[in-house]
Amino acid sequence: MRTITGIPEGWPEDEAAALAVQDALRGRVVRDETGPAPGTGTVTGIDVAYDDERGVVAAAAVVLDAATLDVVEEATAVGRVAFPYVPGLLAFREIPAVLGALEALDAAPGLVVCDGYGLAHPRRFGLASHLGVLTGLPTVGVAKKPFVFAHGEVGPERGAAAALLDGADEVGRALRTRAGVKPVYVSVGHRVTLDNACAHVLALTPQFRIPETTRRADRLCRDALLDVTAGWRPGT
DNA sequence: GCGACAG
DNA sequence: ATCTTGTCGC
């Protein structure tokens with residue numbers, strides 16, 4: 001199913017307003033729940049594609065069976081871009097469309113796997129945490145590139161990891177999902193433990209570096225964007 | 001002050 | 001994120 005989403009009422013218009021929202025919501029992140037067990041129930045991948053030229057955004061949510069990684073359900077949402085890209089404020093750009101796709105699902109999402117960071121964020125409230133707090137769902141962030149926290153060497157074998165430390169607090173982990181291939185960066189979003197988040201990511205990467213959830217969502221949102229973009233007339 | 005900077 | 005040719009490798 002594909003829906004059309006608007007920008008929520010009161011959505012921040014500028015950076016100052018966005019920072020205030022992060023300040024107001026960051027205390028609502030729940031870190032003392034283990035979260036769903038890997039390999040059971042469903043896991044949902046989220047991703048977003050843009051056509052900045054036209055100000056159009058497309059989001060996808062793909063629900064997988066956690067045990068088989070088969071697709072259970074897919075949903076997309078298209079709309080207008082709600083915020084410019086600003087490092088540290090990615091959530092304000094992605095979340096409106098993502099909410100539209102999630103709301104279009106009939107299946108229970110289970111753990112939501114986001115493209116980006118959760119707690120390993122300059123103000124400890126990245127996209128995954130923000131989405132988790134707004135939806136109440138357990139979320140995890142899986143980023144492809146380092147952001148604010150450095151880490152030590154990661155062993156060459158699959159499953160090896162290095163901590164992302166904010167002082168003594170481990171806010172994320174660089175995790176090798178394929179031997180000899182660059183690691184991904186896992187961080188807790190909401191209502192999940194870092195250990196459990198990493199176990200999920202390993203269960204979602206039997207073959208490729210990137211979790212099957214986000215690979216599927218990536219393809220789907222790109223296709224959705226092309227559908228909207230095809231035959232576009234200059235004017236709207 | 002100067003760069004770096006998830007997607 | 002997106003743009004975008006060739007090139008190396010399974």
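Every chain is numbered from 1, with letters handed out A, B, ... down the list of sequences.
If you measure from atom CD of A:Q207 to atom C1' of C:dC10, you get 13 Å, rounded to the nearest angstrom. When the C1' atom of B:dA4 is taken as reference, atom CG of A:L90 falls 16 Å away, rounded to whole Å. Between the CD atom of A:E94 and the C1' atom of C:dT2 there is a distance of 13 Å, rounded to whole Å. Look at CG on A:L164: it is 12 Å from C1' on B:dA6, rounded to the nearest Å. Going from atom CG of A:D115 over to atom P of B:dA6 covers 12 Å, rounded to whole Å. A straight line from OH of A:Y117 to C1' of B:dC5 spans 11 Å, rounded to a whole angstrom. Following rounding to the nearest Å, A:Y50 (OH) and B:dG7 (P) show an atom-to-atom distance of 11 Å. Between the CG atom of A:L226 and the C1' atom of C:dA1 there is a distance of 14 Å, given to the nearest Å.
Here A:K144 reaches the OP1 or OP2 of B:dG7: one of its side-chain N or O atoms lies under 4.0 Å away. Taking 4.0 angstrom as the limit, A:Y85 places a side-chain polar atom (N or O) nearer than this to OP1 or OP2 of B:dA6.
At a threshold of 4.0 angstrom between heavy atoms, the contacts of A:L89 include nucleobase atoms, whether or not backbone atoms are also involved. Counting any heavy atom pair closer than 4.0 Å across all strands shown, A:P146 reaches sugar-phosphate atoms only and no base atom. Residue-level contact check: A:G141 touches neither bases nor backbone, having no heavy atom under 4.0 Å from any strand. Across all strands, A:D47 comes closer than 4.0 Å only to sugar-phosphate atoms, never to a base (heavy-atom distances).
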Exercise. Hey, mind stepping through A:R2 and A:D223 against salt bridge (Lys or Arg N to Asp or Glu O under 4.0 Å) and telling me if it holds?
Worked result: CA-CA 12 Å; A:R2 169 162 314 154; A:D223 289 348; over 6 Å; no
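Taking only side-chain atoms of A:L225, from C-beta outward, the nucleotide of C:dA1, B:dA6, C:dT2 with the closest atom is C:dT2. Distance from the side chain of A:A49 is smallest to C:dT2 among B:dC5, C:dT2, B:dG7. Taking the side chain of A:F147 as heavy atoms from C-beta on, and the options B:dG7, B:dC5, C:dT2, the nearest nucleotide is B:dC5.
Between A:F125 and A:H130, the two ring planes are tilted [angle within 30° to 60°]. Ring orientation note: the planes of A:H121 and A:F147 are nearly perpendicular, at an angle over 60° on the 30°/60° scale.
Hydrophobic clustering of Ile, Leu, Val, Met, Phe, Trp and Tyr side chains at less than 4.5 Å, counting indirect connections, unites A:V48 with A:V86.
Electrostatic pairing of A:D47 and A:R222 does not count as a salt bridge here, judged by no charged N lying under 4.0 Å from a carboxylate O.
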